[in-house]
Amino acid sequence: MAAAPAAGKQAPGLYRYRIGTFEVTALYDGIWYRPITEKFIRNAPFAEVEHALDRAFMPHDKLTTPFTTLVVNTGTKVVLIDTGTGGQISPTAGQVVDNLAAAGIAPKDVDLIVISHFHPDHINGIKDKDNNLVFPNAEIMVPEPEWAFWMDDANLNAASGDLKETFLNQRRIFADIAKRVARFQPGKEVAPGIETIAAPGHTPGHTVFAVSSGNQSLLVLGDTAQHPGIFARHPEWQATFDVDGSATIATRKKLFDRAAADGMLVTGYHFPFPACGHLIKTATGYEHVPAEWQPAL
Ligand SMILES: [Zn+2]
């Protein structure tokens with residue numbers, strides 16, 4: 001009996017599901033174990049945070065941060081919602097292009113990129129490490145209030161440390177392609193069946209998406225909450241990476257209440273892959289119930 005050789009590598013990270021006649025492909029970009037300190041949650045003592053990390057089976061010094069982008073094929077357009085890290089944030093992330101290939105989609109086939117907000121894990125995949133566009137034919141659409149806040153030089157000059165790095169990174173991505181970047185007001189439709197909804201707090205122009213076809217819909221939550229093991233269970237927690245803590249909480253509760261009340265299918269950019277499922281309300285917060293893997297579309 002011959003022993004089978006070990007594969008030694010992970011399978012491609014993609015998962016497909018249908019919303020009406022639209023085909024959605026979740027593409028895994030990878031994961032970042034983001035270092036955190038005792039000040040990580042602004043409005044809770046670290047002992048409580050450590051307890052929550054234990055309940056989510058996470059270490060105490062790192063936040064488990066997976067990344068999932070979405071391709072929505074509406075039948076007339078191939079739309080990419082957020083672009084991943086471009087391999088520029090963590091050595092264990094940057095797999096969107098490989099997983100896109102595994103999904104049978106070429107970068108040149110992406111017609112439209114829609115961005116939720118300007119943090120690097122959402123925009124860096126627009127370009128490769130050498131500053132070349134990864135999706136050569138894609139129109140790029142970004143929220144107007146996000147552009148207004150981050151591309152303002154007075155805001156850049158007032159920033160320091162990591163926040164200043166964030167501003168500089170946005171200029172690296174957008175400055176030389178500004179002419180081809182279209183800005184939309186949250187509330188507008190960016191493609192037939194893809195509505196945008198203002199969801200400020202995490203960043204001033206943070207925007208979420210309602211993808212609807214036929215009688216089905218999907219709420220694309222972006223960074224309304226990061227890992228649900230921490231932030232669905234503790235919706236009142238404000239993290240250091242939220243620009244406006246109290247607005248983050250108000251937006252999170254409003255959207256999560258709506259999703260839980262209506263039993264909506266949701267997806268979160270930092271939810272465990274394939275990042276889709278439902279939210280239910282509990283006595284103290286919410287719990288994410290992952291969708292069941294389906295063998296057929
Ligand atoms: Zn993010």
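Only heavy atoms go into these numbers, but all of them, side chains included; no hydrogens, no water, no symmetry mates. Atoms within a ligand are numbered from 1 in the order they appear, just like the ligands themselves.
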Keeping waters out of it, list the protein N, O or S atoms under 2.8 Å from the Zn ion (ligand 1).
Asp121 OD2, His122 NE2, Asp223 OD2, His270 NE2
Hey, is NE2 on His60 packed in by over 12 heavy atoms from elsewhere, all under 6.0 Å?
yes
Which heavy atom in Thr83 sits nearest to a heavy atom in Val96, and how many Å separate them?
O-CG2, 4.0 Å
Distance flag, aromatic centroids of [Y] and [X], threshold under 6.0 Å:
X: His270; Y: His227; result: no
X: Trp150; Y: Phe174; result: no
X: His119; Y: His202; result: yes

Salt bridge or not for Asp153 and Arg171, using N-O below 4.0 Å?
yes
